2 protein chains.
Amino acid sequence: MKKYRITFLPSERIFDADDGETILDAAMKAGVYINASCGGNGSCGKCRIKVIEGNVVSTRHPKISRTDHDNGYRLACNSRPQGDVIVEVPLESQIDRSILQRKDRKPLILTASGLDQLIEKWKPDPPFFKVNLKLPEPTVDDNLSDFGRLVRELRKILKKDTISAELNVLKKMAGILRESVWKTTVTVAARNDGYEIVNIEPENKTLQNYAIVIDIGTTTVSGQILDLVNCGHDLCALAESSDYNSQIRYGDDVISRIMYSRKKNGLESLQKALVDTVNGIIHQLIRESDIKKSSISHLIFAGNTTMTHLFFGLDPKNIMLAPYTPVSNVYPLVSARDIGLDLEDHVYIQASPCVSSYVGGDIVAGVIGSGMSRSDKVTLYVDIGTNGEIVLGNKDWLVCASCSAGPAFEGGGIQFGMRAEKGAIEQLRLNPKNYEPMIITIGKEKPKGICGSGLIDCVSELFLARVLDQNGKFRRDLAVSRVREGESGYEYVVAYRENTRIHRDIVVTEVDLANLIRAKAALYAGCKVLLEDVGLTFHDVERIFIAGGFGHYIDIEKAQVIGLLPELPLERFIFIGNGSLLGARLFSFSKGFMEEAENISKMMTNIELSNSQRFMDEFVAACFLPHTDDKGFPKVLNKLN
Amino acid sequence: MKKYRITFLPSERIFDADDGETILDAAMKAGVYINASCGGNGSCGKCRIKVIEGNVVSTRHPKISRTDHDNGYRLACNSRPQGDVIVEVPLESQIDRSILQRKDRKPLILTASGLDQLIEKWKPDPPFFKVNLKLPEPTVDDNLSDFGRLVRELRKILKKDTISAELNVLKKMAGILRESVWKTTVTVAARNDGYEIVNIEPENKTLQNYAIVIDIGTTTVSGQILDLVNCGHDLCALAESSDYNSQIRYGDDVISRIMYSRKKNGLESLQKALVDTVNGIIHQLIRESDIKKSSISHLIFAGNTTMTHLFFGLDPKNIMLAPYTPVSNVYPLVSARDIGLDLEDHVYIQASPCVSSYVGGDIVAGVIGSGMSRSDKVTLYVDIGTNGEIVLGNKDWLVCASCSAGPAFEGGGIQFGMRAEKGAIEQLRLNPKNYEPMIITIGKEKPKGICGSGLIDCVSELFLARVLDQNGKFRRDLAVSRVREGESGYEYVVAYRENTRIHRDIVVTEVDLANLIRAKAALYAGCKVLLEDVGLTFHDVERIFIAGGFGHYIDIEKAQVIGLLPELPLERFIFIGNGSLLGARLFSFSKGFMEEAENISKMMTNIELSNSQRFMDEFVAACFLPHTDDKGFPKVLNKLN
């Protein structure tokens with residue numbers, strides 16, 4: 001990709017921006033502070049810069065006079081370099097942000113297309129595979145039944161005696177065999193000590209074998225369609241699609257969904273909403289990949305334990321009641337039509353197995369998908385969300401826990417919190433001199449609220465600027481115009497109403513801060529307890545996998561500043577993206593992974609934190625910025641001093 | 001049962017009649033000929049007798065004058081002895097019927113309740129059995145999932161690791177376990193190398209385990225409900241029910257049903273009709289036995305290959321097209337709800353396996369049910385119906401064949417033929433002097449037609465009286481008022497219109513005779529070919545099992561006279577009744593029988609007769625009365641001479 005070098009004056013900070021990036025984007029990444037109140041959509045007109053050398057493309061903004069424009073003044077948020085440029089940041093914005101300068105900040109991003117990481121260790125062996133057969137035509141001397149005839153040939157290939165077929169297959173068999181003059185393709189699944197035929201098609205269809213994988217999140221549902229045959233590993237996903245989980249209308253988190261499931265027809269409504277969402281994704285995947293629905297052989301999904309229960313229509317009630325027992329952690333093969341999925345009758349759904357009520361199939365899939373269960377390296381797998389799930393271990397041992405971090409990272413319990421949607425403040429820098437914020441929103445729209453990563457940025461910046469103390473309280477002794485006493489106590493104004501889309505001031509309150517601190521404390525404390533249980537410390541952790549869509553947007557250093565993540569070298573952090581989907585893909589390509597997952601789900605030691613005194617102690621200790629025991633955070637201490 | 005001795009004068013024939021039997025019934029059995037034209041309902045007034053000694057109960061008939069009544073004249077058909085009696089048969093009825101005198105005519109009747117025949121050889125081991133469990137309550141330290149907890153206990157009992165559960169079971173599990181305070185009963189089925197839980201109930205329900213067995217005939221569907229636990233073998237059937245197969249409206253025989261299945265929605269209509277019939281039987285069984293529907297664990301049925309296909313909705317088309325290939329001879333377990341049966345979701349249907357297009361699951365079940373596949377004795381199993389199915393063999397070998405006898409035995413292709421329903425002439429004797437018939441109808445109603453057993457009686461009597469020649473043609477040289485030339489050639493009037501319910505003369509025509517002779521010839525020829533194929537003759541056959549509802553009513557000696565059955569000693573013939581139901585019962589009680597049936601269905605040698613020249617030759621040879629080669633019928637020759 002083309003890069004343009006931007007030199008910011010007077011700091012002479014240099015940054016190589018991608019083609020198309022605005023100067024505001026580049027400044028944010030370079031650690032150059034520029035006033036910006038409207039999230040980058042041009043309405044506040046504050047992010048003035050002056051182009052000294054080189055060309056930028058930008059439209060003239062009404063707040064910049066024609067004379068100023070002719071003199072090179074532009075808004076950083078709507079200016080894009082056309083080559084190397086030198087720009088001057090106006091005095092009111094200037095600040096030495098070297099403290100934030102990031103060297104080598106390149107955590108490895110392992111996305112769902114990075115299956116090659118594991119490539120040497122597995123061979124394709126899909127749970128549902130196709131076999132092409134040419135049968136001898138029946139004669140009076142050889143008038144075996146159609147099924148008997150087919151089995152006779154199939155035995156020669158599969159080398160197993162026990163071969164059965166489902167009623168749906170038998171229903172189609174006579175017609176298909178004769179139409180295609182005894183050339184046929186059967187889809188077969190291994191079953192215990194034999195094989196079962198789950199589908200029959202005319203002619204040779206072995207090259208058309210597709211699977212759908214779905215990650216069912218409490219908030220977001222994502223899917224891919226995979227080509228199981230023409231699989232260049234990276235190229236297997238023919239299409240991707242995602243959507244909000246329609247269950248959101250019944251509550252934001254798993255607990256409120258479970259509460260809803262207890263109402264009359266609640267469980268049915270929740271299941272239907274989720275099935276509708278998944279059907280929408282299936283339709284989009286089929287449309288985009290342009291394959292025939294009849295060529296889809298199976299669907300594999302991974303979700304947390306509650307989502308898995310709700311998708312199957314299993315009663316999730318006891319997941320939320322002590323001692324937190326799910327109905328089951330392993331699930332039978334279920335026919336797609338039995339739960340209302342718009343797939344053909346032969347399609348089976350397979351769920352990633354769960355470990356416990358709060359360590360679900362998404363985590364097990366992630367452990368498989370990230371390869372941590374096949375590696376020597378001691379790895380900490382962290383999925384940051386409403387429930388922070390943590391897995392620690394390597395190929396020899398695995399322990400896991402879930403800590404109910406609360407929904408703060410997803411915008412829940414935060415006055416202006418919102419999910420990472422358009423208009424959410426996702427990045428924020430503070431001018432340490434005047435405490436004015438520089439904000440960028442998702443979609444560069446006027447801000448509507450603040451999402452998890454924005455909140456982490458905000459708290460981290462306020463803390464480093466000493467606007468916040470270690471308890472997460474605003475310093476009362478500071479004359480900061482944006483810090484004020486609001487309806488629910490002290491608050492910091494992130495954006496004034498005239499710059500917001502909601503025509504109200506967007507603030508971060510002390511109540512919000514307390515919620516965020518509890519969330520980060522829970523996750524940190526969970527990791528700590530897990531490590532202690534196996535006699536390790538953070539320093540023994542060779543890799544930290546950050547999973548989940550939200551994790552992707554986290555600024556590791558900011559997260560370390562607030563004590564969400566331990567202060568380990570940045571190169572140990574690896575963003576694996578949607579680990580759940582990564583695992584589901586592997587399950588689709590090779591059934592050995594599902595067996596491995598079932599073993600992992602049974603063998604993994606689940607540490608129940610909810611009633612653990614040690615966890616409570618660690619949690620309380622972590623309810624500070626960055627932590628009561630700040631010896632663990634020398635870099636943060638250094639930045640503060 | 002109380003018996004009354006009836007002495008018939010002047011022949012002094014003595015017969016011990018059951019209480020309630022009419023003197024006409026008794027005369028028929030004793031071989032005493034009495035005129036009777038109306039089937040025994042009193043309307044013709046011809047069966048006059050005179051009571052010499054003892055009391056009979058009867059209503060005075062208008063055709064008997066008061067004086068005659070006072071002198072002891074009565075109608076035999078409405079007179080019932082009240083003690084031992086002596087009656088005189090009037091001159092016009094008298095005849096020496098010694099030729100028909102039957103000594104020791106007592107073929108063993110093994111009904112579906114005669115399971116004790118096999119009792120030593122099997123132990124109850126139902127395919128779906130119940131296990132009662134008491135689970136430890138979950139605690140924080142032991143918060144396994146509900147299913148995991150249940151499996152942990154079940155493994156201790158079943159000694160198998162692989163235990164799975166269906167989604168429907170998981171759906172109910174959480175609620176049931178908690179309602180019943182962790183006391184539960186699961187219904188378990190063996191599956192390959194493990195077990196599958198198909199149902200869960202609260203508390204201890206091990207004593208309530210019932211099965212339904214169904215015999216699906218082309219004409220009649222019969223069912224029983226079995227108590228799998230409190231099983232005194234004979235007492236297991238709590239209720240029985242049967243009904244006509246509603247598919248009759250789409251055609252009388254399997255071929256016309258298959259023809260109908262090829263119409264638009266034909267297959268669906270046929271399946272629905274049959275499912276409706278079976279649902280009716282299920283409802284009646286549940287009502288009569290007064291058990292809970294939820295206690296029914298499985299349903300096992302046996303039917304011919306076409307009926308099995310239609311019940312499952314499998315395309316039967318190729319059963320009627322050469323080379324006669326069914327879709328399958330073995331069938332998967334199918335959920336009752338999947339085919340629309342009104343049973344609970346956990347109920348599975350299991351079908352008796354078939355051998356070929358025309359040797360179906362009813363025959364395989366019969367082979368199992370009759371015990372012939374476990375016996376040393378060379379046995380010929382004959383199911384007489386539209387398709388005469390024949391199995392020959394013993395525990396070491398089995399061969400089978402089907403010969404399309406045509407529907408004559410079930411009244412098809414016979415001008416006044418009808419099924420064995422009320423008003424059907426089922427017994428007939430001929431006065432060899434004047435060729436007047438003595439007839440008895442089912443239900444003692446005025447005759448409406450003639451059913452299979454009546455037809456065999458009729459032909460046998462006409463032949464022995466030499467009214468018919470060996471070709472089945474009426475002798476033209478005989479002055480018999482009842483033999484006349486009708487619209488379709490020569491015919492014998494069985495009943496004149498004034499004595500019938502249809503107000504038309506009921507006749508047996510030469511066309512009818514030809515059809516019947518073809519039917520009996522096909523069956524006999526089939527047996528002959530099967531025997532020849534294994535190098536045996538009829539004399540090597542140690543037992544002949546006559547199966548099927550129709551077989552029950554056959555008079556073996558009459559059947560021998562026309563050459564339908566070979567002339568073997570009567571004691572070798574055993575009526576086993578509904579062999580299909582007998583087998584289905586065994587399948588329900590012990591899964592080993594189903595495995596045995598599957599082996600039998602695979603191993604049994606099916607001889608395809610439809611294109612066999614040898615069969616054609618034997619068939620042609622058998623198209624005489626009793627047979628071209630009458631050396632095989634010395635008793636008949638003796639009677640004739």
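Here the structure is a predicted model, which is why all the values come from computation and not from measurement.
- Using a 4.5 Å heavy-atom threshold, the side chains of A:Pro138 and B:Thr325 count as touching.
- Note that the CG atom of A:Asn318 and the CG atom of B:Leu177 stand 9.5 Å from one another [nearest 0.5 Å].
- By the 4.5 Å heavy-atom criterion applied to side chains, A:Leu167 and B:Leu314 are counted as neighbours.
- The contact between B:Val140 and chain A is made by backbone and side chain atoms together, counting heavy-atom distances below 4.5 Å.
- A 4.5 Å side-chain heavy-atom check between B:Phe312 and A:Leu170 finds every atom pair outside the cut-off.
- In this structure, chain B has heavy atoms under 4.5 Å from both the backbone and the side chain of A:Val327.
- Proximity to chain B is absent for every atom of A:Ser164, based on heavy atoms less than 4.5 angstrom apart.
- B:Ser356 contributes atom OG, which lies 7.0 Å from atom CG of A:Asn143 (distance to the nearest 0.5 angstrom).
- Interface remark: A:Ile339 contributes side-chain atoms only to the contact with chain B (heavy atom separation under 4.5 Å).
- Listed here is the closest heavy atom pair of A:Gly313 and B:Lys171: O-CG, 3.7 Å.
- Considering CG of A:Leu321 and CZ of B:Arg178, their distance stands at 8.0 Å, rounded to 0.5 Å.
- Neither the backbone nor the side chain of B:Asp142 has a heavy atom closer than 4.5 Å to any heavy atom of chain A.
- Atoms CG and CD, from A:Asp141 and B:Glu608 in turn, are 9.5 Å apart once rounded to the nearest 0.5 Å.
- Neither the backbone nor the side chain of B:Leu150 comes within contact range of chain A; no heavy atom of the residue lies under 4.5 Å from a heavy atom of that chain.
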